[in-house]
Asker: 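Handing you this structure, nothing more for now.
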Amino acid sequence: MNAFCTKSAISRVQSLVGTASQRSTLCRLSRNKPTPSYTGHARSLKSFCGHPSNAVRQYSVASSAPRPPTTGDSYEPEAPHADANAHPSTTTQLAEDAKYLLQLYPRPDVIFTKGEGCYLYDQAGRKFLDLNAGIAVNALGHGDKQVQEIISDQAGKLIHLSNLYHNEHAGKFAKMIVDSLPQTKEGNMGKGSKVFFCNSGTEANEAALKFGRKWGRRNIKAGETNTKTTVVSFSNAFHGRSMGALSATPTVKYQTPFMPLLPGFVSAPFNDIEAAKQLIDENVCAVIVEPVQGEGGIFPASQEFLHTLRSRCDEVGALLIFDEIQCGLGRTGKLFAYENYGVAPDILTLAKPLANGVPIGAVLLAPHVAEIIKPGDHGTTFGGSPFATRLGMSVFDRIRNPKFLSHVTEVGNYLKSQCEELANNSPLISQVRGIGLMVGLQLRGSVDPQLFIDLAREHGVLVISAGNNTIRLVPPLIITKEEVDKSIQVFESVISDMESYIAAGKDLKG
Ligand SMILES: Cc1ncc(COP(=O)(O)O)c(C=O)c1O
């Protein structure tokens with residue numbers, strides 16, 4: 001694990017870059033422009049999110065225990081959200097949890113206990129501005145009243161039935177989704193499309209890949225060999241971690257430990273039109289692509305690339321699958337990300353925000369695909385439950401509201417422009433990418449995003465990374481411009497600290 005995770009990132013920067021005045025000098029030298037001293041901006045940050053005074057007050061009200069034990073430099077009054085300032089029981093509980101929970105994720109020493117809007121609160125009552133939304137899931141934020149009401153009402157009525165019986169919500173929800181699809185040519189994704197509900201993004205893609213394989217053999221007669229089995233995916237893609245979805249996720253670190261993967265999966269560089277044209281031949285049954293890559297580092301596909309995929313799939317009779325698990329459902333300011341491109345898929349996969357955090361996934365099949373899938377071809381125990389689909393219907397209905405979508409566009413544009421300004425003022429950020437409320441800050445070549453993430457968290461703002469040294473911003477879609485301003489204020493300080501660190505000659509390589 002990165003050393004910065006184990007100790008206050010702020011205290012590390014402080015101890016490494018010397019006194020406030022030295023740091024300030026270093027900043028000026030490194031940026032060749034006046035930079036506020038560390039102490040100065042730290043003081044201004046104290047008031048952010050109502051801390052530390054509020055935190056300390058809530059802390060002492062919530063617990064009669066003394067302040068958390070500190071180990072010399074690990075207690076940082078300038079970093080009200082430093083991991084060392086968490087509730088005293090946090091460390092003990094995490095140590096106990098680690099004995100039983102499979103350790104798959106490096107996580108900070110913070111335990112969150114409640115959320116409200118765009119904010120999360122930890123055990124000590126400290127408030128964090130959440131720019132992750134559970135990895136692009138909580139589109140309506142945390143603690144939404146309408147979500148709560150539906151959950152509680154439906155939980156009292158009927159949670160689960162299995163697909164062996166009908167429920168009153170799944171069909172209505174499927175109709176709502178199909179009716180919201182942009183109309184394209186007759187027979188394409190739109191009118192007449194059908195929906196399969198499952199429980200996650202991976203499951204949605206797994207089903208889509210199976211449907212692609214079935215499509216490839218639809219004209220094969222008994223005794224004939226089927227050669228139309230190849231699935232094409234693209235570099236940097238993320239489609240999930242089950243064997244099928246993983247086989248379409250051509251990233252060494254995800255795939256290598258689990259080799260051999262499924263046969264028949266090949267990949268081409270993302271956005272490389274010539275490579276895609278060559279790879280998509282008569283043996284291809286399906287092509288899967290994210291219109292805007294998320295995990296890979298927030299890379300939008302080019303218009304020309306998606307149009308090429310569409311026409312090449314049509315030429316060779318392959319299905320085009322759009323994975324909109326991260327970029328769909330309002331995140332780009334359009335209900336479906338492919339509306340930004342004017343290219344429609346044959347299969348569309350959705351998940352993350354579909355029920356604002358209650359697990360659900362959906363596969364949409366254009367009519368020509370739906371008609372080849374027969375009873376028994378696929379299934380799920382939990383998918384399409386009355387609970388998830390009733391909630392999904394209400395969440396989807398709110399997201400598809402044009403006012404909601406224009407809010408995403410407006411605040412998304414604002415976020416991006418503010419990030420671009422940050423990038424203009426710091427050599428640490430080499431590029432800003434994204435659409436709507438899906439923005440990536442590309443850190444300069446060798447800079448490890450973990451220090452950015454740790455410093456931001458210690459100042460009360462939660463961000464995550466993606467791809468290669470990218471800071472990923474995928475906040476709740478209800479975020480306001482004021483909340484964007486708060487985040488940018490923190491990012492400025494974070495960048496200033498990191499520049500001090502670099503100016504002190506420290507290596508920020510991951
Ligand atoms: C584009 C994309 N596809 C698929 C998945 C997998 O979804 P899940 O984690 O819900 O299985 C993800 C998750 O991050 C994703 O971003």
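Counting starts at 1 for both ligands and their atoms, in listed order. Residues: numbered from 1 along the sequence shown.
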Asker: Taking the cut-offs as 6.0 angstrom to the six-membered ring centre and 45 degrees off its axis, would you call K127 and Y121 a cation-pi pair?
Answerer: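 Judged by the rule (NZ or CZ under 6.0 Å from the ring centre, within 45° of its axis), K127 is not positioned above Y121.
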Asker: Check K194 with E371, please: is the shortest side-chain N to carboxylate O separation under 4.0 Å?
Answerer: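 No.
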Asker: I'd like a table of donor-acceptor pairs (distance under 3.5 Å, sequence neighbours excluded) in which one partner is a side-chain atom from residues 355-362, with atom names and distances.
Answerer:
unit_1	atom_1	unit_2	atom_2	d
N356	OD1	A139	N	3.0
N356	OD1	L140	N	2.8
N356	ND2	G141	O	3.2

Asker: Select one of side chain, backbone, both or neither to describe which atoms of E203 lie under 4.0 Å from any atom of ligand 1, heavy atoms only.
Answerer: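 None of E203 does.
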Asker: Which option out of R241, K352, Q326 puts a heavy atom nearest to atom 13 (C) of ligand 1?
Answerer: K352
Asker: Considering only protein heavy atoms, which is closest to atom 2 (C) of ligand 1, and at what distance to one decimal place?
Answerer: F238 O, 3.2 Å
Asker: Of all the atoms in ligand 1, which lie at a distance below 4.0 Å from a heavy atom belonging to H239?
Answerer: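 So the answer, numbered in order with elements, is 3 (N), 4 (C).
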Asker: Got the closest protein heavy atom to atom 3 (N) of ligand 1, with its distance?
Answerer: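 I find the closest protein heavy atom is D323 OD2, 2.7 Å.
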Asker: Determine, for K374 against D377, whether the closest basic-nitrogen to carboxylate-oxygen distance falls under 4.0 angstrom.
Answerer: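 No.
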Asker: So which protein heavy atom does atom 10 (O) of ligand 1 come closest to, and at what separation?
Answerer: G201 N, 2.9 Å
Asker: Does the Lys NZ or Arg CZ of R433 fall within the cation-pi geometry relative to F299 - under 6.0 Å from the ring centre and within 45° of the axis?
Answerer: yes
Asker: Give, for atom CG of D122 and atom CZ of F112, the distance between the pair rounded to the nearest 0.5 Å.
Answerer: 6.5 Å
Asker: Report the nearest protein non-hydrogen atom to atom 6 (C) of ligand 1: residue, atom name, distance rounded to 0.1 Å.
Answerer: T202 OG1, 3.5 Å
Asker: Are D346 and R310 close enough for a salt bridge, meaning some N to O gap below 4.0 Å?
Answerer: yes
Asker: Using a 4.0 Å heavy-atom cut-off, say whether E290 meets ligand 1 through its side chain, its backbone, both or neither.
Answerer: side chain
Asker: By number and element, which atoms of ligand 1 are closer than 4.0 Å to a non-hydrogen atom of N205?
Answerer: 3 (N), 4 (C)
Asker: Could an N or O of ligand 1 be found under 3.5 Å from any N or O of I135, whether backbone or side chain?
Answerer: no
